[in-house]
Amino acid sequence: MKKIEAIWLPEVQQNVFRGLMEVMSRPGKSINLAELAGNVMPARALLATLLDAEVTFCDHNGLLDESDWPLLQAKKATVEHANYILCHGDSAVDFEPMLGELSSPEHSATLVLVVENLSEGSSHLTFSGPGVNGEISVKVAGLNRDWLKQREQWISSFPLGVDLLLVDSSRVMAIPRTTKIEVTSWDM
Amino acid sequence: MTAMRKANAAYPFGFLDEYAKKEVRRTILKAIAIPGYQVPYSSREMPMGRGFGTGGLQLTLSIIGADDTLKVIDQGSDDSVNAVNLRSFIEMTCDGIDTTDITDEANVIQSRHRIPEKPLREDQVIVLQVPYPDPLVVVEPSEDKRKIMHGEADYSRLLVKLYEDIVQFDEITISHRYPTRINDHYVIDPSPIPRWDVPKLNQSKALVLLGAGREKKIYAVPPYTDAEPLAFDDVPFRVESFNDENGQRRCCDRCGDNTSFLDEFTSSVGNKVYQCSDSDWCREQLVAKGE
C-alpha cells in the first residue's frame with residue numbers, strides 16, 4: 001500500500017497550524033516545523049496545511065514539484081492575484097502582491113519566503129509591535145534586503161499590507177504586517 | 001454518558017471537515033495579522049443553535065489537537081448549561097483530548113462572558129464566544145459603511161454615543177461589550193465580558209481569539225498588544241465597583257476573597273449574597289486557606 005506523506009494527514013496539519021498560529025502571534029519567534037511534520041521542506045508542510053481549492057497560489061520561482069499541485073488543490077494564479085505566494089528570499093522583488101482593500105484588508109497576499117537560515121546569520125534585525133514583548137532580535141541568512149524595503153512600501157497604509165512567513169530548511173517565522181523592523185546590521 | 005461519548009466513530013476528529021477547518025485556520029492567521037479586524041468566514045452549521053457559542057466552538061474545533069487540555073467556561077463557571085454542553089460535544093468529537101476545570105492546567109480555554117481571574121500564560125489561548133461582533137452597529141446600520149469606517153479607524157460617531165451617555169447619566173453606561181481599541185486602530189466588541197475583564201486584554205500574555213458564528217466573523221487580540229477601552233480624558237474608563245454603602249469592598253461569601261469579580265445572589269432568607277464569578281478562582285482561594 002502506498003504510504004501517505006505525513007504533511008497531508010489531518011493530525012499533522014493540526015500540529016503545523018498550531019505552530020503557525022504561535023509564530024504569527026509572536027513575530028520573531030521561530031519554531032521547528034520539520035519536527036512536527038516529518039523531515040520535509042517546511043514550506044511544503046505549511047502550504048499543505050493552509051491551501052485548498054478555495055484559495056489561489058503562485059509558485060513564483062518554481063520551488064515545488066508538479067506532483068504537489070493536485071494534492072494542494074489550490075488554483076494557479078499570477079503573482080499579482082495570488083492569495084499565497086512562494087518565493088526565494090535571496091532574489092530581488094519583481095512583483096506587486098495583493099495588498100487588500102481598505103474595507104477588506106484580508107484580500108491580501110501571504111508570502112512564503114524560503115531563506116537560508118533563521119537561527120543564525122549575519123543579518124541582524126530587531127522586531128517590535130503587536131505580539132512582541134518589547135523587542136526581539138532576529139538573525140537571518142539568505143534574505144535579500146529588497147524584501148524589507150518593498151515590505152515597508154506595502155505596509156505603509158495599515159490595514160493594507162502583506163504578511164510574510166519565512167522558512168529555512170527546518171524552521172518557520174512570521175512577520176505580520178504590524179511588525180516594525182529595525183535593521184541592526186546587514187551583510188548582503 | 002461514557003457510551004454516548006464513545007459513540008464518536010462516525011465523526012472525524014473535531015467534527016468539522018478538513019476544508020472547514022482550513023478555512024477557519026486561514027481566517028485565524030489573518031485575524032492575528034490584522035489585530036481587531038473582523039475577518040469574514042463561512043461559518044458552518046453546527047448541531048446546535050446559532051447563538052449558543054457556535055463561533056467559539058468552530059474556533060476551538062479548528063485549533064484543538066489530541067495533546068491539548070481544554071477548559072470551557074460559561075459566566076465564570078464550568079458547570080453551567082452552555083459550558084457543560086459544549087464540553088461534552090468537544091469530548092465526544094475530539095478523541096484523546098483532556099478536559100479540566102482548572103485554569104492552570106488548560107492550554108485551550110473557551111469562554112462565554114468571562115476571562116479567568118488568574119492571569120493567563122503565554123502557552124495558553126483563550127477563545128471567546130461573541131454574539132454581536134461589530135461595535136459600530138449601534139450607530140451605523142449598513143455593513144458596507146461600517147467596513148469603511150473601520151478601515152479608516154473612524155469612530156467619531158461611537159464616541160458621540162458615549163458622550164451622549166455622559167450628558168444624560170454622568171457616566172458611560174455600557175456594562176459589558178465595552179468598545180475597545182486594539183493596537184491603536186480597530187475598535188472591537190470584546191464579547192459580553194464585564195468591564196472588569198477588559199483590562200486583561202491589554203498586553204495579554206495569551207492569544208485571544210473571538211468567534212461570532214451567526215455573524216460569520218473571526219477576530220483576534222494578539223499577545224502583547226495594546227487594548228484600550230474607549231473613554232475621554234476627563235471621564236476615564238472604570239471597572240465595576242464592589243463596594244458596599246460604607247465604601248467597604250465586598251468579599252466572596254464562600255471563599256472570602258475581596259479581589260475578584262462578584263456575582264450577586266439572593267439567599268433563601270431574602271438578603272443579598274456575593275460570590276466569586278470565577279468558580280475555579282474561588283476553589284483555589286479555598287484550597288489556599290486550607291478548606
Side-chain angles (χ1 to χ4, degrees), chain A residues 8-27 29 36 46 48-55 73-74 83-84 100-108 110 128-136 155 157-165 174-179, chain B residues 12-14 17-19 21-42 62-68 96 107-108 122-123 125 143-153 182-186 203 205-209 220-226:
Chain A
W8 308 108
L9 299 174
E11 58 272 26
V12 174
Q13 294 186 353
Q14 184 272 333
N15 248 325
V16 171
F17 168 71
R18 284 295 281 279
L20 290 177
M21 190 169 92
E22 178 67 13
V23 294
M24 195 57 108
S25 343
R26 301 174 202 277
K29 177 174 181 175
L36 299 176
L46 73 90
T49 301
L50 294 175
L51 301 190
D52 62 22
E54 297 298 313
V55 292
Q73 300 178 14
N83 302 121
Y84 291 84
E101 302 107 45
L102 188 63
S103 55
S104 298
E106 79 277 18
H107 295 162
S108 49
T110 301
S128 58
V132 184
N133 186 9
E135 284 184 349
I136 183 168
I155 63 162
S157 43
F158 184 84
L160 307 192
V162 294
D163 309 306
L164 309 183
L165 289 166
I175 311 180
R177 66 194 69 186
T178 47
T179 302
Chain B
F13 183 92
D17 60 85
E18 290 305 310
Y19 295 108
K21 284 188 204 161
K22 274 188 180 181
E23 197 205 352
V24 174
R25 288 170 184 169
R26 287 194 297 261
T27 311
I28 291 173
L29 295 186
K30 272 281 191 284
I32 297 170
I34 316 172
Y37 172 66
Q38 302 161 50
V39 192
Y41 78 113
S42 56
S62 301
I63 65 178
I64 203 163
D67 302 335
D68 287 319
N107 66 338
V108 178
E122 289 195 353
D123 62 321
V125 48
E143 178 162 11
D144 281 350
K145 287 184 188 157
R146 291 200 301 267
K147 280 177 87 79
I148 294 168
M149 288 164 78
H150 276 298
E152 292 172 339
I182 306 303
N183 192 32
D184 228 12
H185 191 100
Y186 288 102
Q203 296 289 323
K205 285 185 179 173
L207 168 66
V208 184
L209 295 173
V221 183
Y224 301 112
T225 299
D226 290 337

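For the numbers below, each heavy atom of this structure counts, side chains included, while hydrogens, waters and symmetry mates do not. Residue numbers start from 1 in every chain, and the chains themselves are labelled A, B, ... in the order their sequence lines are given, proteins ahead of strands.
- With a 4.5 Å cut-off on non-hydrogen atoms, B/Val108 touches chain A through its side chain but not through its backbone.
- For the residue pair B/Lys147 and A/Ser104, the shortest heavy atom distance occurs at CE-OG, 3.7 Å.
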When you look at A/Thr178 and B/Thr225, which way does the side-chain contact (heavy atoms from CB on, under 4.5 Å) test go after all the steps?
CA-CA 10 Å; A/Thr178 47; B/Thr225 299; over 6 Å; no

Residues B/Asn107, A/Arg18; criterion side-chain contact (heavy atoms from CB on, under 4.5 Å); working and verdict:
CA-CA 12 Å; B/Asn107 66 338; A/Arg18 284 295 281 279; 3.9 Å; yes

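- No other option in B/Asp144, B/Thr27, B/Leu29 has as many heavy-atom pairs under 4.5 Å with chain A as B/Leu29.
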Between A/Glu106 and B/Tyr37, is the side chain to side chain donor-acceptor pair (under 3.5 Å) condition met? List the steps.
CA-CA 9 Å; A/Glu106 79 277 18; B/Tyr37 172 66; 2.6 Å; yes

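- Of the two parts of A/Phe158, the backbone and the side chain both hold a non-hydrogen atom closer than 4.5 Å to a non-hydrogen atom of chain B.
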Assess whether side-chain contact (heavy atoms from CB on, under 4.5 Å) is satisfied between A/Gln14 and B/Asp68, documenting all intermediate values.
CA-CA 11 Å; A/Gln14 184 272 333; B/Asp68 287 319; 4.0 Å; yes

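- When all heavy atoms of B/Leu207 and A/Ser25 are compared, the pair lying nearest together is CD2-OG, 3.7 Å.
- Using a 4.5 Å cut-off between heavy atoms, B/His185 contacts chain A through its side chain alone, with no backbone atom that close.
- Of all the listed residues (A/Asn83, A/Leu51, A/Asn15), the one sharing the greatest number of non-hydrogen pairs under 4.5 Å with chain B is A/Leu51.
- With hydrogens and angles ignored, the 3.5 Å screen pairs no side-chain donor or acceptor of B/Lys30 with any backbone N or O of A/His107.
- Both the backbone and the side chain of A/Asp52 come within less than 4.5 Å of a heavy atom in chain B.
- Options A/Thr49, A/Asn133, A/Val55 differ in how many heavy-atom pairs under 4.5 Å they form with chain B, and the most are formed by A/Asn133.
- Your options are B/Asn183, B/Ile182, B/Ile63, B/Ile148, and the one with the most heavy-atom pairs under 4.5 Å with chain A is B/Ile63.
- Looking at A/Ile175, there are no atoms closer than 4.5 Å to chain B (heavy atoms on both sides), in backbone or side chain.
- Judged by distance alone, the side chain of B/Lys22 and the main-chain N or O of A/Ala48 form a donor-acceptor pair under 3.5 Å.
- A/Met21 has its side chain within reach of B/Leu209: a pair of non-hydrogen atoms, C-beta onward, lies under 4.5 Å apart.
- Neither the backbone nor the side chain of B/Val221 has a heavy atom closer than 4.5 Å to any heavy atom of chain A.
- The choice from B/Glu23, B/Arg146, B/Glu152 that makes the most heavy-atom pairs within less than 4.5 Å of chain A is B/Glu152.
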Using the side-chain contact (heavy atoms from CB on, under 4.5 Å) rule, take B/Arg26 and A/Thr110 through it: C-alpha gap first, then chi angles, then the decisive distance, then the call.
CA-CA 10 Å; B/Arg26 287 194 297 261; A/Thr110 301; over 6 Å; no

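- Using a 4.5 Å cut-off between heavy atoms, B/Lys21 does not touch chain A at all.
- A/Arg26 contributes a side-chain N or O that, together with a main-chain N or O of B/Glu122, makes up a donor-acceptor pair within less than 3.5 Å.
- Contact tally against chain B (heavy-atom pairs below 4.5 Å) for A/Ala174, A/Gly131, A/Gly161, A/Pro176: the top residue is A/Gly131.
- Between chain B and the options A/Glu54, A/Glu22, A/Glu101, A/Gln73, heavy-atom pairs under 4.5 Å are most frequent for A/Gln73.
- For chain B, the nearby parts of A/Ser108 are the backbone and the side chain; heavy atoms of each come within less than 4.5 Å.
- Minimum interatomic distance between B/Ser62 and A/Phe17 (heavy atoms only, all atoms of both residues): O-CD2, 4.2 Å.
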